Amino acid sequence: MSLVSDAVWAASPTTTRGQPTLLSSDPKGERIAYAAGKSVFLRSIDDPAISKQYTQHTAQTTVARFAPSGFYVASGDASGTVRVWDCVGEGATKGEYHIIAGRINDLAWDGDSQRIIAVGDGKERFGHCITADSGNSVGEISGHSSQINTVSIRQQRPLRAATGSDDTSLVFYHGAPFKFNTSLRGQHNRFVFGTAFSPDGSVFASVGADKRIWLYDGKTGEAKGQIGEGVHTGSIFGISWAKDSKRFVTASADQTVRIWDPEAGKAIQTWRMGEEGVPSIPDQQVGVVWPTGRSDGLVVSVDLEGNLNYLVDGNPKPTRVVRGHQKNITAAALSGSTFVTGSYDGRILAWDTNTGLADKVDGESHSNYVAGLVPSDSKSEAGVLSVGWDDTLRSISVQNKIFTGAANELKFQPKGVAAASDVVLVPSSDAIIVYKNGNKASSLSVKYTPTSIAAHGSNVAVGGDDKLIHIYTLSSTELKDTGIELRRATAPISALAFSASGDKIAAGANNGKIYAFNASSDWKIITDRWSAHTARITALAWDADAKLVASGSLDTNVMVWSVEDPGKRIKAMNAHKDGVTGVAWEPSGKVLSAGGDSSIKVWKLTG
């Protein structure tokens, strides 16, 4: 048997306020590429639930661009490394090149998919020009006095290139090999954020923090004039041309995306995100791409929250918004066919497991780290309870995707959360507190520090840093200590899970070992042989028949264990860069996992 990747529900692009976020589309207009965390995602435009993840970068990724041939992607990271890799087959790395001693801000391919210019914030130089297959130098990037933000290469002969920088100037290069031709000063008076040659090579445009758009001759580099003075009221972060070279689109911090006609010199279409007349920082548009090769004229923009907005001519609002996490996912829970995930920055999303798309949970969310999510046990409606390090307990209606009721102040940092028979249990560092209907009902002091908790029916299990699992019984809202302690673990207990019927319990420890016990009568051990993880167990989940357990660990692996054959294990290695933080069994028998790479993966058991 094996675990086979069935789907990757991608993370959102990483965004930084006041910096452009680069999107790139493949020549056919089927996929977009972007950087997220330490990964690069290639995502289908028409079905955003289909994506491919490239994980070979060791530092924060900053940019990814498809080659004009459509066979390769070049991506850069914060350490100054550019990697060229195959985006059609297995994703094998073709080359790894160290360009500068600092962050790569942008890169560009020439029309033959042979040469790459990569630019950024270096020490001795701000960019370099190399061949894609060997990394040999084919020219030098000079003439700037501070970091270069953007580069574009003319796709026709004679080859030309333009770079824009924080020193407010542009430099025009003749190629190949690329060398300094002229410096264009006086057009912009603040940082230059974007430059782009039109697909036919006749003109190129530049945009920047001074809200200006300038056009230049594509062959000689002469400034032709400025358009749209005063139209954008915020920094312009991105520019992308239509394939007919007659229009281009810009994205700005004034929450708008505009299509321009350079001949007429005016905007012919405007989309404004967010509420009318209300400034909203998360709605700042920080990047845009006009995918070539499509007939529907779709434009994709990204806002500061990382949401991808699909904009279509004649429709004033986005036709679809693709959401995801930008920070590592820290907690996850499955309720019916909705997978609820919470991340480091407090964002909580509800994923539809049938479509693989996420909705934002509306209302007042946690302001930081989501420490635990658990399906509520109430009969009235499907819900999920969340606790966060803003020291609050909140409840979520899964059906309406909204926070319900008021947030309950906990007055302590929660170590986890569990729900059973209409009450919620939250462990603090020295007690277990019981909540009912949003109010504190009782609390029980303990002599150890709780590290994890699980509940089913009237049984409550609490794992401690004393390496024991303590069993309590719950009668209405009172916890009673049964005196039963499950001793087997050789390290503090980090995860607990009851099976669906409540007659088995699995426990994971800090050292990567997993134990299963009978929970029905005698609390006898079922197996202690599940020990292939090499780091802390972060999440455990039983399947519907309580025959298999899925586990996730900081060692980046997802494993599935069998109760009937404890010696056997099925593993998915390197499932999530930076560790797995949540696992769940979907009703159809697939395993869902969430992790430190901000993405969610679906695994199929085969064989």
Side-chain angles (χ1 to χ4, degrees), residues 22 24 26-27 33 35 40 42 54-144 147-165 170-183 195-197 201 204 218-219 221:
L22 301 157
S24 159
D26 69 349
V40 173
L42 306 182
Y54 176 80
T55 58
Q56 303 294 305
H57 281 282
T58 51
Q60 192 86 13
T61 51
T62 54
V63 53
R65 295 225 184 257
F66 283 100
S69 66
F71 294 114
Y72 292 99
V73 170
S75 53
D77 65 28
S79 70
T81 303
V82 168
R83 284 172 164 270
V84 179
W85 43 282
D86 162 31
C87 63
V88 180
E90 287 298 288
T93 303
K94 191 181 176 196
E96 176 187 8
Y97 314 116
H98 294 280
I99 307 285
I100 49 176
R103 183 189 140 98
I104 302 275
N105 285 335
D106 194 6
L107 51 82
W109 290 83
D110 75 341
D112 313 330
S113 303
Q114 304 273 317
R115 304 173 188 83
I116 294 170
I117 297 180
V119 298
D121 186 8
K123 298 281 185 290
E124 62 285 332
R125 60 181 183 195
F126 296 116
H128 199 47
C129 181
I130 57 168
T131 54
D133 51 6
S134 62
N136 296 337
S137 174
V138 280
E140 62 173 27
I141 302 300
S142 57
H144 284 297
Q147 70 167 346
I148 304 178
N149 296 321
T150 172
V151 58
S152 180
I153 300 179
R154 188 168 187 252
Q155 301 294 298
Q156 294 77 16
R157 310 236 162 221
L159 290 179
R160 302 284 185 262
T163 56
S165 157
L170 281 98
V171 171
F172 190 69
Y173 304 84
H174 281 199
F178 287 97
K179 50 184 185 289
F180 178 91
N181 177 255
T182 47
S183 177
T195 165
F197 276 90
F204 71 94
K219 250 186 193 160

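Note that the structure is predicted; figures quoted are calculated from it, not measured.
To the nearest 0.5 Å, atom OG of residue S165 and atom CG of residue L170 are 8.5 Å apart. The line from CG of L22 to CD1 of I104 is 12.0 Å long, rounded to the nearest 0.5 Å.
Residues A35 and V63 share a closest heavy-atom pair of CB-N, 3.8 Å. The minimum heavy-atom distance between I100 and G127, with the atom names listed, is CG2-N, 3.7 Å. Shortest non-hydrogen contact noted between A118 and L107 is CA-CB, 4.0 Å. Scanning both residues, P27 and A67, for their nearest heavy atoms gives CG-O, 3.8 Å. In plain terms, the two heavy atoms of S113 and P68 that are nearest each other are OG-CD, 3.3 Å. Residues A132 and I116 come closest through the heavy atom pair CB-CD1, 3.8 Å.
The backbone N or O of G164 lies less than 3.5 Å from no partner atom in the side chain of T195, so there is not a single donor-acceptor pair. Between the side chain of R160 and the main chain of K219, a donor-acceptor pair closer than 3.5 Å is present. Within the 3.5 Å criterion, the main-chain N or O of I148 finds a donor-acceptor partner in the side chain of N105. Side-chain atoms of Q155 come within 3.5 Å of backbone atoms of W109 as a donor-acceptor pair (strictly under, hydrogens ignored). Between the side chain of S24 and the backbone N or O of F66, at least one donor-acceptor pair lies under 3.5 Å. In this structure, the side chain of S69 engages the main chain of F71 through a donor-acceptor pair within 3.5 Å.
In this structure, the side chains of T182 and V171 stay at 4.5 Å or more apart for every pair of heavy atoms. Taking 4.5 Å as the limit, some side-chain heavy atom of F178 sits within range of a side-chain heavy atom of I117. Looking at heavy atoms from C-beta onward, I99 lies in side-chain contact with I130 at the 4.5 angstrom threshold. The shortest side-chain heavy-atom distance between R65 and D106 falls under the 4.5 Å cut-off. Using a 4.5 Å heavy-atom threshold, the side chains of R125 and S142 count as separate. Inter-residue side-chain proximity for V73 and V84 is flagged as unmet; no heavy-atom pair is nearer than 4.5 Å.
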Are R157 and D112 close enough, and set up right, to give a side-chain contact (heavy atoms from CB on, under 4.5 Å), and what steps lead you there? CA-CA 10 Å; R157 310 236 162 221; D112 313 330; 2.7 Å; yes
Given salt bridge (charged side-chain N to carboxylate O under 4.0 Å, His left out), test D133 with R115 step by step and report yes or no. CA-CA 8 Å; D133 51 6; R115 304 173 188 83; over 6 Å; no
Walk me through whether T131 and Q114 qualify under side-chain contact (heavy atoms from CB on, under 4.5 Å). CA-CA 6 Å; T131 54; Q114 304 273 317; over 6 Å; no
Check against side chain to side chain donor-acceptor pair (under 3.5 Å), Y54 and T61: CA-CA 10 Å; Y54 176 80; T61 51; over 6 Å; no
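Under a cut-off of 6.0 angstrom, the local environment of CD in E124 is crowded, with over 12 non-hydrogen atoms contributed by other residues, nucleotides or ligands. Sparse packing is recorded around CD of E140, with 12 or fewer heavy atoms of other residues, nucleotides or ligands lying under 6.0 Å away. Within a 6.0 Å sphere centred on CZ of F180, other residues, nucleotides and ligands contribute more than 12 heavy atoms.
In the model, Y97 has no side-chain atom that pairs as donor or acceptor with a side-chain atom of R83 under 3.5 Å. Counting only N and O atoms by type, the side chains of T81 and H57 include no donor and acceptor under 3.5 Å apart. D77 and Q60 share no side-chain donor-acceptor pair at under 3.5 Å.
Ring-centre distance between F197 and F204: below the 6.0 Å cut-off. Ring centroid separation for the pair Y72 and W85 does not come in under the 6.0 Å cut-off. F172 has its ring centre less than 6.0 Å from the ring centre of H174.
At least one test fails for K179 against the ring of Y173: distance under 6.0 Å to the centre or angle within 45° of the axis.
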